[in-house]
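Take a look at the structure set out below.
Residue numbers begin at 1 in each chain, while the letters A, B, ... track the order of the sequences.
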2 protein chains.
Amino acid sequence: MSEEDELTVRQKKILDVIIKNYLETGEPVGSRTISKSSDLNLSSATIRNEMSDLEDMGYILQPHTSAGRIPSDKGYRFYVGELMNSQKDTSPPDSTSQMLVQRTDRLEKMLKQVVDVLAANTNYTSMISAPAITGVRVKFVQLSAVNEHQLLSVVVMDGNAVRNRLINIDEPLNNEDLLKLNMLLNTNLSGLTVNDINLALIKKLKSQAGEYAPIIENVLENVAGTIEQDEGRTIYTSGTTNIFKYPELSDANRASHLISTFENKEELENLVNEIETDDEGNPNGISVFIGDDIPNMPDVSVVTAKYDLGEGFKGTIGILGPKRMDYENVMKNLKSLKKQLSDIVDSSRIGAKKEPKRIEAKKDIKEKKE
Amino acid sequence: MSEEDELTVRQKKILDVIIKNYLETGEPVGSRTISKSSDLNLSSATIRNEMSDLEDMGYILQPHTSAGRIPSDKGYRFYVGELMNSQKDTSPPDSTSQMLVQRTDRLEKMLKQVVDVLAANTNYTSMISAPAITGVRVKFVQLSAVNEHQLLSVVVMDGNAVRNRLINIDEPLNNEDLLKLNMLLNTNLSGLTVNDINLALIKKLKSQAGEYAPIIENVLENVAGTIEQDEGRTIYTSGTTNIFKYPELSDANRASHLISTFENKEELENLVNEIETDDEGNPNGISVFIGDDIPNMPDVSVVTAKYDLGEGFKGTIGILGPKRMDYENVMKNLKSLKKQLSDIVDSSRIGAKKEPKRIEAKKDIKEKKE
DNA sequence: GTTAGCACTCAAATCATTAGAGTGCTAATA
DNA sequence: TATTAGCACTCTAATGATTTGAGTGCTAAC
């Protein structure tokens, strides 16, 4: 990929101008334009020579003989990696359009909000994968009798993920037995991860439960279900139709392909997974995938960030747009959101121990849309 | 709308041919085509005269002077109402492509499945609104201590809708008090609908709860939440990108408009609501909305059916496509699904009282996609 | 009432022409 | 030796003229 980085300062400058210009206009940029709009004070002829070299090196290309140049995927990558203004980082991300994420008591709503904010701020399509839970532990189990023929099993896991399940029973259960069962379950399951619950443990539980063994089975399925439900990882998306704002993406074929990918969560999940693999140890925890980096989607770029909510809750947040997207703004937004996300959750974690704030935060939700 | 239905038999026949032909091809149909393809044995000139009359009466129209005719909205309506082959109803709806809805224990998954089936069978876009709960009653309330600082409130409503809420408390609650609170809540709330829970009752509960009044408040919010969550009515959609299969809908503007309507559930909800109003007492419980019937969407048709799962669970299921959609197939599919839906729920209701089938049904889910 | 015949209309396809943006190359210049 | 002016050349996109053909409406004959 890097065959001797032999770009002269001037070449870098020219490449920078070409890309910046193309990001704005979406039109191929010609030598004359560069000669005039840059402070290089070079004639178009000189620029032409340099451009010819840049093209030979693969940083730019010509849509056709008599057109200007546009950045190649390699050019974009160079731009993101070296040319882009990354020291401006300190400035607040586009404060006018920036919308803060409001606190809410439901993770789901928060995620939905995050993608909405992101799509609105960037004018691209955004997505966020709900946190994958890894290694969460059982916190609390409770069986209660709803009526003579139904038990309700409630399982609370770390991070307060709650799952219910109704269990139908043939014979009513008396209160003592119910209490015993609850005791049995809590003493044996609390603090365990799903992986800890092995056959031996199940056997032990069942034998201790005696005639209630079938109920144990159901409860355990409920515990498993807590994980399972998040395994078909939910992905929230927003701003799908933003792709129509970019002519290079909005012809029927491309648009249909993109949108159906976003509609079909499984496909989207694959995309995210395939992309995630080689995303390790990069500077700000932000990864940029351009064009042929992305399977089946040579005309778009995807920028992703991982977020970590602690307690094993992790997920990916990303935005998809045309290759000529405003990488700078997008990365700023992602970085900011990433920070906000962990901040919010931190404070809510701490707050939760002091006052019942989970509830009062609810009203905030209404005000989200601008 | 009906200004003396003065269509002769021959005119009806011609109109029928025009529409059938147009449904298939999507091209304006001319007099010569009709003359040849129908069994009327009339010359094109005669057909032309009749067509001229049909146009005067508003059943068909010409895209431009030298083109054939296409059905007007009025024409479509007449077709759906009188011309369409509705006696074929008895035949099974397109048995090859028909996919049965599998039983599942989660309403949500079932609905998702239904829209998927519908979209796959029709090649149009489908949507289903999750059941709106009206007048459901509280079945069971349970508070349990998760740890010293958190209570878990679980509310089960009719139809086994369950909601949880974590309540943070300052002081640990001893077991006796917890039991008393549970007793208090269950005796007072069981069997009530949300509307029944008025200020007087709340006051009474709070005073009886003494120092635990704040907890009562939280539990009541939880009860209210059961309803509330379904008020922002979830709508599931599928096959959005099918619109790209119909050139008349797939230009950037229209497509963008349609797709964003489907992405933004609020808008979609409005659409469904506006449409629902005048949908009363029609033959099979199926309503057809064509072109200007639908606010802001003159180029599409929507066919809807209401479903009723009993116990106050009702919703709407619908499909959206080009005006030249295959109404016959669509209506057949809707009718069949409507039936399957209520059948499934009926059988699961009955089954639920006898054996724990909610659980064993789960494995079915995996097999759904073809 | 039906039909043949014909003039007329109009969209869409095809083709030729033009305009202009941009390049590459060469020769002159500093 | 690096830069630049100048010019021929290329190719797209826009414009406009022409043709084609499907389809109609009307009239007159059957």
[X]: partners by side chain to side chain contact (heavy atoms under 4.5 Å, CB included), with sequence neighbours left out:
X: A:Lys20; answer: A:Asp16, A:Tyr79
X: B:Asp326; answer: B:Tyr124, B:Glu328, B:Asn329
X: A:Arg48; answer: A:Ser31, A:Ser44, A:Ala45
X: A:Glu263; answer: B:Thr240, B:Thr241

Q) When the distance from CG of A:Asn21 to P of C:dG22 is rounded to whole Å, what number comes out? A) 10 Å
Q | Nucleic acid contacts of residues 39-54 of chain A, taken as heavy-atom distances under 4.0 Å to DNA chain C | A | A:Arg48, A:Met51
Table of protein N/O atoms under 3.5 Å from nucleotides 11-21 of chain C N/O atoms:
none

Q: Provide the start and end nucleotides, 5' to 3', of the part of DNA chain D that has atoms under 4.0 Å from heavy atoms of chain A.
A: D:dT3 to D:dT12
By side-chain hydrogen bond (donor to acceptor under 3.5 Å, both in side chains), which residues pair with [X], not counting sequence neighbours?
X: A:Asp53; value: none
X: B:Glu248; value: B:Arg324
X: B:Thr65; value: none
X: A:Thr46; value: A:Ser43

Q.
Strictly by salt bridge (charged side-chain N to carboxylate O under 4.0 Å, His left out), give each pair with a member in residues 30-45 of chain A just once, sequence neighbours left out.
A. none
Q) Does a donor on one side chain sit under 3.5 Å from an acceptor on the other, for A:Thr125 and A:Asn242? A) no
